[in-house]
Structures are given as structure tokens and as C-alpha cells.
Amino acid sequence: MERLKKLMVGLILLCLFISCSQKNNKSDGKLKVVTTTTMLTDLVKTIGGDKVVVTGLMGEGIDPHLYRASAGDVDKLSKADVIIYGGLHLEGKMAEIFEKLPELGKQVLNVGESLDKSKIHFIQENTPDPHVWFNTDLWETEAKAVTKKLSEMDVKNSGYYNQNYEKYKKELERLGEYITNRIKEIPKNSRVLVTAHDAFGYYGEKFGLEVKAIQGVSTDSETGTKNILELANFIVQRNIKAIFVESSVPKKSIEALQEAVKSKGSEVKIGGELYSDSLGDKEHNTDTYIKMVKANTDVIVDALK
Ligand SMILES: [Zn+2]
């Protein structure tokens, strides 16, 4: 199985090498950017505006931890002027491809590398928590890195990119204030966020919530029964009112946790669905980063207060 995976990655890299060596044709002179997650796609669209053409590889509801590049993705990557990805092991199954891209002469931006290392949570020595977007300050730093990269690659529009960044920075500050104020509505003892996987560590740190999850910082691991039982005890002891499902993670682990609490003669409700590793859609008013974080905050506060 391991050999087959290596062979697949080798094949993808070979395809990339062949297509990268062909000449790039730009679309109307606009910079072509390929991104991974829906959050990054939204970020690059916000900064790049109508001066760039952005193609996101992952759609709504897609789990980046488990995502593997398709043949169509290889084509998109090979045609891009620049590839922007989250890094910090977020796109775990694509890491090998991303590492090889610079060797093939591709421009890449790993936004995770733009962050001060001291701000990154390390679960183990080589296991960073990649969900940095939930700290609005860190997201702002990544927005700055995107602005810098676009400006370097497209100097004539750098004023435009910087203007968009300055505007976005203010919107992020307002978002931070909104969240801070809403979290205050939850009684101090009840500021505990229980989710399916550990995606909200940075959110908790920035906005003052204790965070617990069934799975670790990647969904690429078994859901342990032990974890569920321990969490069920915690929920009963702390008298927690609600736990939350995530749009990009199967509901069954949270439902199992709810059952485990029930078997202890207690009750916890499912407080709603959070967007962790993917944005939502227009219909749910969660199709941009700002709307998504706001919606999450409202769901959390309304269920816990
Ligand atoms: Zn995640």
C-alpha cells in the first residue's frame, strides 16, 4: 500500500514536471492563483479582487486533512502562476507535492510559514495545530503574506492589493471585537467548546474558551472510545449544555458522545453545526471567512449562554 502511494505521488510529480515545463498562458494578463481550502480561496479573492483569477482545489465541506490531489488538480497546479496553501500539515496528503513544486520552478506561498513560530501551538514536537485561521490576528498575518506575494508577482497592482489588505484588516479587527463581545454573554463557567476534532484551539486561546475534542488536530486518526468516555465524564461533571458537530467531519462521533453522556443518566444537546475546516454556502450566509467565523460564534454563544 505504501509503495502504491509512493508510486502515485511519483506519477503526479512526473505529470507536474511535464506540464510545468510547458509555457504558461496567462488569463487576460491576470495572475493565476491556485489555493487549497475554501478559507484561503476567499482570502486570495478578497486581497486579489478582480486582478487575479483564483481556483480553489477544495470545495465546500471538504476535509483538508484527508484530501488527495486528483488528476484535474495536477492540471490546475501546473497552470498556476502561484500556489497558495495553508501548510503546518493542514493538507497532510498533499505535503509531498507542495514540497516538490519549487524544485519544478513553481512559485508557492506556504502561509503557515509567515507566522511567528511562537504563536503556533505544537501538539508534539513536529505536530503543529494547523487551524490558525480561527485566531483573527493570525489570519490577518496570513492576509499580509498573501498581499506581499501578490504584490511581488504583480508589481503594477501592488497598490490595489495593499488597499484591499488595509480594508480587510479593519474588517478583521471588527470581527475580533464582535466575537469578544458575544463570548462575554456565556457565563464564565460555561465557556467550554466541545467539538468532533480539535480545530478550535486558536479560537479558544484568542477569545477565552476552554476547548475539548474527540479527535486530535487532524481527522486522520481513529476515534478512540476512551476519549469519548473521558469527554462524557467531563461534560457531566462540568454540566455542559451543548456539544457541536462540524460541517466537514462525520456527525457520528459527536452523536456517540451524546449517547455516552445519556448512558451516565445526564443529557447534552447538539448545539448546532460549526464550520471548522471549510466555509459554508451563500444560503447559510457562511460563504466567506468573516461570515463563517461570525456564524460559528453565534451558534456557540446561543447554545452555551
Ligand atoms: Zn481540522
Side-chain angles (χ1 to χ4, degrees), residues 35-43 56-69 84-95 97-98 110-115 119-124 126-139 141-142 179 192-207 209-224 227-228 231 243-257 270-281 286-289 291-293 295-297 299-300:
T35 52
T36 53
T37 65
T38 45
M39 286 75 74
L40 280 173
T41 305
D42 175 55
L43 175 59
L57 297 183
M58 301 174 195
E60 180 210 332
I62 296 294
D63 180 345
H65 304 291
L66 305 177
Y67 188 83
R68 286 181 195 277
I84 299 181
Y85 64 104
L88 303 170
H89 304 185
L90 174 64
E91 304 94 343
K93 311 278 185 209
M94 292 179 78
I97 295 173
F98 288 141
N110 172 346
V111 286
E113 279 180 355
S114 67
L115 302 170
K119 305 255 166 73
I120 296 169
H121 301 170
F122 281 88
I123 309 308
Q124 278 163 9
N126 283 318
T127 314
D129 177 350
H131 305 90
V132 288
W133 56 92
F134 282 126
N135 178 334
T136 46
D137 298 336
L138 299 185
W139 189 241
T141 306
E142 294 196 343
I179 302 169
V192 187
L193 179 59
V194 181
T195 58
H197 92 297
D198 206 358
F200 293 91
Y202 294 96
Y203 182 87
E205 178 193 40
K206 166 84 179 150
F207 301 108
L209 284 164
E210 200 177 329
V211 166
K212 297 269 179 190
I214 299 169
Q215 267 185 309
V217 291
S218 173
T219 51
D220 189 19
S221 62
E222 292 283 312
T223 307
N227 269 356
I228 292 188
L231 261 179
I243 55 180
F244 301 87
V245 294
E246 294 166 52
S247 69
S248 54
V249 183
K251 288 186 173 69
K252 61 177 191 295
S253 63
I254 280 292
E255 285 166 353
L257 177 58
I270 292 181
E273 185 178 67
L274 302 180
Y275 298 90
S276 51
D277 295 1
S278 160
L279 300 180
D281 57 20
T286 48
D287 57 324
T288 70
Y289 167 82
K291 290 197 238 172
M292 170 263 235
V293 179
N296 278 349
T297 303
V299 167
I300 293 165

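When reading the values below, keep in mind they use all heavy atoms of this one structure, side chains included, and skip hydrogens, waters and symmetry mates. Because the structure is a prediction, the values reported are computed rather than measured. Counting starts at 1 for both ligands and their atoms, following the listed order.
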* To do: Return the number of protein N, O or S atoms with a distance to the Zn ion (ligand 1) smaller than 2.8 Å.
  =>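 That number is 4, waters not included.
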* Any Lys/Arg nitrogen of Asp137 or Lys119 sitting under 4.0 Å from an Asp/Glu carboxylate oxygen of the other? ->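 No, this pair does not count.
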* Asked: Out of Lys93, His65, His89, which residue meets the side chain to side chain donor-acceptor pair (under 3.5 Å) rule with Asp220?
  ->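 With Asp220 as partner, side chain to side chain donor-acceptor pair (under 3.5 Å) holds for just one option, Lys93.
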* To do: Would you check, one step at a time, whether the test ring-ring contact (aromatic ring centres under 6.0 Å, His included) holds for Trp139 with Tyr289?
  => CA-CA 10 Å; Trp139 189 241; Tyr289 167 82; 4.7 Å; yes
* Modelled atom types, side-chain donor and acceptor of Thr35 and Thr41, under 3.5 Å ->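 Thr41 and Thr35 do have a side-chain donor-acceptor pair below 3.5 Å.
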* To do: Give the C-alpha distance, both sets of side-chain angles, the deciding distance and a yes or no for ring-ring contact (aromatic ring centres under 6.0 Å, His included) between Tyr202 and His121.
  => CA-CA 8 Å; Tyr202 294 96; His121 301 170; 4.0 Å; yes
* Does Asn135 use its side chain to pair, donor to acceptor, with the backbone of Lys206 at less than 3.5 Å? ->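 Not at all, since once roles are kept as given, no pair shorter than 3.5 Å links the two residues.
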